[in-house]
J.: 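Let me begin by handing over the structure; questions about it come next.
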Amino acid sequence: MHAEPPEPVQPGQPLLGNREIAEMFETIADLLQVKGEIIHRVMAYRRAAESIRDLPRDVRAVAAEGRLMDIDGIGKVMAEKITELLTTGRLGFYEELTSEIPRGLVDVLRVSGVGPKKAMLFYKSLGIASIPELEAAARAGKLRTLPGMGEKSETKIIEGIEALARRTTRTRIDLALRAAQRALRPLLDLPETIRGDIAGSLRRGRPTIGDLDLLIASYTPDPIMDAFVNGVDVVRVLAQGPTKSSVELTNGQQCDLRIVPPEQYGTALVYFTGSKEHNIQLRELARDLGFSLNEWAFTPLDGGPELHFATEEEVYARLGMPWIPPELREDRGEIALALRNELPELIAIEDIRADLHMHSTWSDGKLSIRDMAWAARERGLSYIVITDHSQSLGVANGLTPERLRAQREEIRAVDAEMGPDFHVLQGVEMEIRADGQLDLPDDVLAELDVVIASLHVGLRQERAQVTARLLNAIRNPHVDIIGHPRGQLIPRREPADLDMDAVFAAAAETGTALEINASPHRLDLDDVHARQAADMGIRLTIDTDAHSAGELDNLPFGIITARRGRIGPRDVINTWPFEEFLAWLKS
Ligand code: DGT
Ligand code: CA
Ligand code: CA
Ligand code: ZN
C-alpha cells in the first residue's frame, strides 16, 4: 500500500511548507495574545508552530498518512487547521483574526509596560496600531487620560519605546533576511518585475543589518511601488516616490526599494550592495579610466554617451577585474586581489558534507538522535556528530559518563539503521568549567568519537584566567574542536576577553580545530578571526549547533561568515569525505 500523494498545489497558490505553516500559527498566537486570550490557548499555537517548524519531514507527507496527531503538540483542533490549510491553501480562523486585529498591534505588545489589555484599549479608543502611533500619542499626552492610565504610566511607555529602539537599531541577520524575503517575494511575482535582489549589508552577509535595501529591474515601476508600500509587513511609509520608497516594517527595520530599468541594473546593484568604502574605491578606479561613476551609469569625463550595464559582471569587467563576490566587498584588499586576478576560491554551501555539532533530547535538544539524523540526511549531509552537553551544565541536562555510555548504544543503533551512506558519530560538547577543569576525565573522552570543548560559564573572567582555561582545553589531546571560541551572543553579549594570539598559537601547535558556529546568535569565530586562524594553518569547522531540525538550516549563516573571511573549502574539516575526517580524528 502506498500513501496518497500530497495534494497538488493550485497554480498561483503559495506553496505552504512547514515553515510557512509554522509562521502562520506563530502569528495566530501573537494575535490571540493581543486579544487577551487565555495563555493556554496562546501557548497551544506556539507549541504547534514549534513542532511543525522542527518536524524532520514535510507536514504534507505526514498529513497524507493521516498521522498529523502523532506530532508532538498537535491535537484534534490543530490537525483540522493544518488539513484545512493543506487542502484549501487558506485558514478561515487566521483570516478572521487578521481582519479583526492589525498586525502592528503585535509590535505594540513588545513595548514594556504594554500588555494585551492596554494594547486593545489604545487601539479601540485611539486607533493606535503601531509603535510610531503609540509614541506620537504618548508624546502628545493622549494616553494619560484613558481609564487606568496616568502621567506616570505614559512616561513609562515612552521609556519603553526608547529602550526598544536602542535594542533594535541593528537587526540580527536571520531576522533581517526573513523580513527582506517577505517584502521582496511578492514583488518578484509581479508581471512588471524583470528581476530583483536584496542588496546592502544583508547581501554582503554582515552579522547585523541596519536597514534593508531592495533593488528591482522594471520598465513599469508604478504597480511594483504600489505593492511595496502596501506590503503585509509595512507599518508606516517613510517616503514614497516613483522609483524610490522607504517603509518601516513590523520588525522595526527600515526597508528601501529602488527600481531601475534593466539595462542599468548591474551598475545599480553594485552601488546598493556596497559597502560604501568598496564603492569609493571603484569610483576612483573609474575616474582613472576617464569616467565618473554613480549608481546609474559610467559617464565619460570628456563628454560622450553614458555607459549602461545590465549585470555586475560587466561593471567589474569595465573596471578591469572579475566579478567580486558580495561577501568580500568591504574594502579589505579585495579590489587589489581582483585586479591581479587572484580572488581566492570561497567555500560554498554545496561543499559541506557534515555537521559536527548538534544536540538531541539527551541534553537540551528537541529531537531524538534518530530524528536529527533523518533531518540532516534530508538536507543532503552524509555524516553528523551528536554532541550533547556534559554533566556540569545542569540547566541543559548535561550527560554524566554513565549516560554517555548509554547514549552510545543508541547512536550506534541509529548509525546502523541509516545504512552505509550516512554516518552518526558520538561526540560531546564538554564544558570548560569556571575553575578551568575539563568536565570529563580523559578515559571517558578517549571513548568518544569527537570532543568539542566550549566555554559557557565564567566568560567575564579576566583575560589571563579565561585564556588559560581555553588553552588548557586546546592542549588536551582528546579535544578535537573548540566550539564557538569567543563566546559572543549577538547582539547582547560581547566576546570573552581572550588573548586570541595565544589561542591561535596553541590551536596551530596542537592541531585543534576552531569552530565557526553558524547560529545567527553566535557567528563565532567571526570573519576576521576565521581568516587569522586559516592564515596560521588552523583547521576550521562550520557547524549549526542545532537543537532542532529547523536550526540545521542555519548553515548558510556560517557559510557566509566564512566567505567573508575568504575561507576556502579545504580549510573546513566538514567538507571532507567521511574517511578523511576519520583519519584526521586519529591523527
Ligand atoms: P547597514 O544598512 O548599516 O547595515 O549598511 P549598508 O551597507 O546596507 O548601508 P546603507 O543601507 O546605508 O546603504 C546601502 C548601500 O548604498 C551601501 O552599502 C553603499 C551605498 N551607499 C550608501 N551611501 C553611500 C555613499 O554615500 N557613497 C557611496 N559610494 N555609496 C553609498
Ligand atoms: Ca542597508
Ligand atoms: Ca539603505
Ligand atoms: Zn552546542
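Atoms within each ligand, like the ligands themselves, are counted from 1 in listed order.
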J.: Just checking, is any N or O donor in the side chain of Asp351 or Thr575 under 3.5 Å from an acceptor N or O on the other one?
T.: no

J.: Under 4.0 Å from a heavy atom of Asn279: which atoms of ligand 1 are those, numbered in the order shown and with their elements?
T.: 19 (C), 20 (C), 29 (N), 30 (N)

J.: Ring-plane angle category for Phe298 and Phe291, please: parallel below 30°, perpendicular beyond 60°, tilted otherwise.
T.: perpendicular

J.: Below 3.0 Å, any N, O or S contact between Asp211 and the Ca ion (ligand 2)?
T.: yes

J.: For Asp72, look at atom CG and say whether over 12 heavy atoms of other residues, nucleotides or ligands are found less than 6.0 Å away.
T.: no

J.: Show which atoms of ligand 1 fall inside a sub-4.0 Å distance from at least one heavy-atom site of Ser275.
T.: 18 (O)

J.: Between ligand 1 and Gly210, is the shortest N or O to N or O distance under 3.5 Å?
T.: yes

J.: Considering only heavy atoms, which of Asp256, Asp211, Leu293 lies nearest to atom 11 (O) of ligand 1?
T.: Asp211

J.: Let me check your reading of the structure: within less than 2.8 Å of the Zn ion (ligand 4), is there an N/O/S atom from His357?
T.: yes

J.: Set out, in order, the CA-CA distance, both residues' side-chain angles and the distance that settles side chain to side chain donor-acceptor pair (under 3.5 Å) for Asn574 and Asp355, then state yes or no.
T.: CA-CA 7 Å; Asn574 47 316; Asp355 196 332; 5.8 Å; no

J.: By atom name, which N, O or S atom of Asp545 is the nearest to the Zn ion (ligand 4)?
T.: OD1

J.: Are any non-hydrogen side-chain atoms of Phe578 and Arg353 less than 4.5 angstrom apart?
T.: no

J.: Heavy-atom count check: over 12 atoms from other residues, nucleotides or ligands less than 6.0 Å from Arg531 CZ?
T.: yes

J.: Any heavy atom of Glu295 closer to ligand 1 than 4.0 angstrom?
T.: no

J.: Compare Ser201, Gly274, Ala176, Ala199 and give the one whose heavy atom is closest to atom 18 (O) of ligand 1.
T.: Gly274

J.: Do Trp362 and Glu410 meet the criterion of a side-chain donor-acceptor pair at a distance under 3.5 Å?
T.: yes

J.: Just which atoms of ligand 1 are under 4.0 Å from any heavy atom in Arg283?
T.: 29 (N)

J.: What are the two closest heavy atoms between His357 and Glu515, and how far apart are they?
T.: ND1-OE2, 2.7 Å

J.: Of Gln254, Arg204, Arg170, which has the heavy atom at the shortest distance from atom 7 (O) of ligand 1?
T.: Arg204

J.: Give the atoms of ligand 1, by number and element, whose distance to some non-hydrogen atom of Gly200 is under 4.0 Å.
T.: 8 (O)

J.: Answer yes when Arg412 and Asp449 have at least one side-chain N-carboxylate O distance shorter than 4.0 Å, and no when they do not.
T.: yes

J.: By number and element, which atoms of ligand 1 are closer than 4.0 Å to a non-hydrogen atom of Ile209?
T.: 4 (O)

J.: N/O/S of His359 less than 2.8 Å from the Zn ion (ligand 4)?
T.: yes

J.: Report yes or no: does Arg206 have a heavy atom closer than 4.0 Å to ligand 1?
T.: no

J.: Out of all atoms in ligand 1, which are within 4.0 Å of some heavy atom of Thr273? Include the element for each.
T.: 18 (O)

J.: Looking only at N, O or S atoms in Glu429, which is nearest to the Zn ion (ligand 4)?
T.: OE1

J.: Is the shortest distance from a Lys or Arg side-chain nitrogen in Glu330 or Arg206 to a carboxylate oxygen in the other one below 4.0 Å?
T.: no

J.: Any atoms of ligand 1 less than 4.0 Å from a non-hydrogen atom of Asp213? List them with their elements.
T.: 8 (O), 11 (O), 14 (C)

J.: Checking one value in my table: which N/O/S atom of Asp213 lies closest to the Ca ion (ligand 2)?
T.: OD2

J.: So Asp480 and Thr541, do their side chains get closer than 4.5 Å, heavy atoms only?
T.: no

J.: Is it true that Glu431 and His456 share a donor-acceptor pair across their side chains at a distance under 3.5 Å?
T.: yes

J.: Between ligand 1 and Leu202, can you find any atom pair, the residue atom being a heavy atom, that is separated by under 4.0 Å?
T.: no

